[in-house]
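Since the structure comes first, as structure tokens, the remarks are kept for the end.
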Amino acid sequence: MRTRRIGDLGVGAIGLGGMPMSIEGRPDEQRSIATIHAALDAGVTLIDTADAYHLHADEVGHNESLIARALAGYGGDTSDVLVATKGGHLRPGDGSWTKDGSPEHLKQACDASLKRLGVEAIGLYQFHRPDPRVPYEESIGALRDLLDAGKIRYAGISNANPDQIRQAGDILGGRLVSVQNQFSPAFRSSEAELELCARMGIAFLPWSPLGGISKAGDLGSRFAPFAEVAKAHEVSPQQVCLAWMLAKAPVVIPIPGSSRPETILDSVKAVDLELTPEELGRLDAAG
Ligand SMILES: NC(=O)c1ccc[n+]([C@@H]2O[C@H](COP(=O)([O-])OP(=O)(O)OC[C@H]3O[C@@H](n4cnc5c(N)ncnc54)[C@H](OP(=O)(O)O)[C@@H]3O)[C@@H](O)[C@H]2O)c1
């Protein structure tokens, strides 16, 4: 698969989002492992996860553990796979998502993620979401300390606005390698952060790129131009969506979620789908 850069690493230009394999509606483990293995077979080398991708209160890190098991059980070489996890969100088990961006929590969460992933240093550790009760510089200061301690190889942030991206870049002294924000045909307001990342040379990882777990399958019926362009190329509207994002800037690396081999195998083909300027313009206008 064609690659793009995160820090000084090349990763497949389409990543795999792990969330659908661990939250509400998740499949059985066998299907999840088959999905991760299919992604690896297809050249995916970026897998996005989080300690908060779980359902019940007593299974924090369900998705990290699943990914660790899938990598350990894969027949081939996985040394070039970058597992990107996150800390700062919690799920108490009632379906809600809460936040804790305190340095104490982030450091303890990182230690727990290290154990679950079974690695000496986490490939990419992302601060999941700003916590209004904690000054942003304190949360990012924890990432800096984790980098300095060698517990994480790269640092990223998520759900950040342009000021926070610049602030994190300053605090991390040029060691901020990625920003993960929501971006899809229905959700365009992160275009400013995408453009800032392109100027700064930082990877931009669109989350819920297909509109989210419950809406991804209907992308073509909700956004007619995506279905029309898909028909012209004889591909899925989801592939068109991912190719449209890839064309926005060389720093964009979408992380579509998947819980079936078929969907990730379809999504990775977006790296080879060339859209014309006229098609890209129609998709831009289809918000
Ligand atoms: N940082 C954050 O705050 C944040 C928030 C949300 C998500 N994320 C990350 O972003 C990732 C992606 O977001 P998401 O999973 O919420 O939403 P998404 O990627 O927009 O949609 C996921 C759904 O798309 C379906 N799908 C994938 N490829 C497809 C294809 N080619 N054709 C048809 N359907 C396809 C999958 O269906 P099947 O399940 O049937 O395979 C999956 O359930 C997550 O997995 C997670 O890693 C981060």
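Basis for what follows: all heavy atoms, side chains included, without hydrogens, waters or symmetry-related copies. Order of appearance sets the numbers: ligands from 1, and atoms from 1 within every ligand. FYI, the numbering just counts along the sequence from 1. Predicted model, so just to flag it, every value in this text is computed and none were measured.
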Practice task
For Tyr125, enumerate each residue passing the ring pair (Phe, Tyr, Trp, His ring centres under 6.0 Å) test, keeping only those at least two apart in sequence or located in another chain.
Solution key: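 With sequence neighbours excluded, Tyr125 shows a ring pair (Phe, Tyr, Trp, His ring centres under 6.0 Å) to no residue whatsoever.
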Exercise for the section: Could you verify whether a donor N or O on one side chain and an acceptor N or O on the other, from Gln126 and Ser158, lie under 3.5 Å apart? Expected result: no
Problem - Residue contacts for ligand 1, heavy atom to ligand atom, distance under 4.0 Å - result: Gly17, Gly18, Met19, Pro20, Asp48, Tyr53, Lys86, His128, Arg129, Ser158, Asn159, Gln180, Trp207, Ser208, Pro209, Leu210, Gly211, Gly212, Ile213, Ala216, Gln238, Ile255, Pro256, Gly257, Ser258, Ser259, Arg260, Thr263, Asp266, Ser267
Exercise for the section: Verify the ring-centre separation between His128 and His89: is it less than 6.0 angstrom? Expected result: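 Ring centres of His128 and His89 closer than 6.0 Å.
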Exercise for the section: Using the ring pair (Phe, Tyr, Trp, His ring centres under 6.0 Å) rule, take Phe183 and Trp244 through it: C-alpha gap first, then chi angles, then the decisive distance, then the call. Expected result: CA-CA 12 Å; Phe183 186 67; Trp244 164 70; 5.7 Å; yes
Handout entry: Residues that Asp8 engages under salt bridge (Lys or Arg N to Asp or Glu O under 4.0 Å), provided they are two or more places apart
Key =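 Residues passing salt bridge (Lys or Arg N to Asp or Glu O under 4.0 Å) with Asp8: none at all.
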Problem - All salt bridge (Lys or Arg N to Asp or Glu O under 4.0 Å) counterparts of Glu59, not counting sequence neighbours - result: Arg26
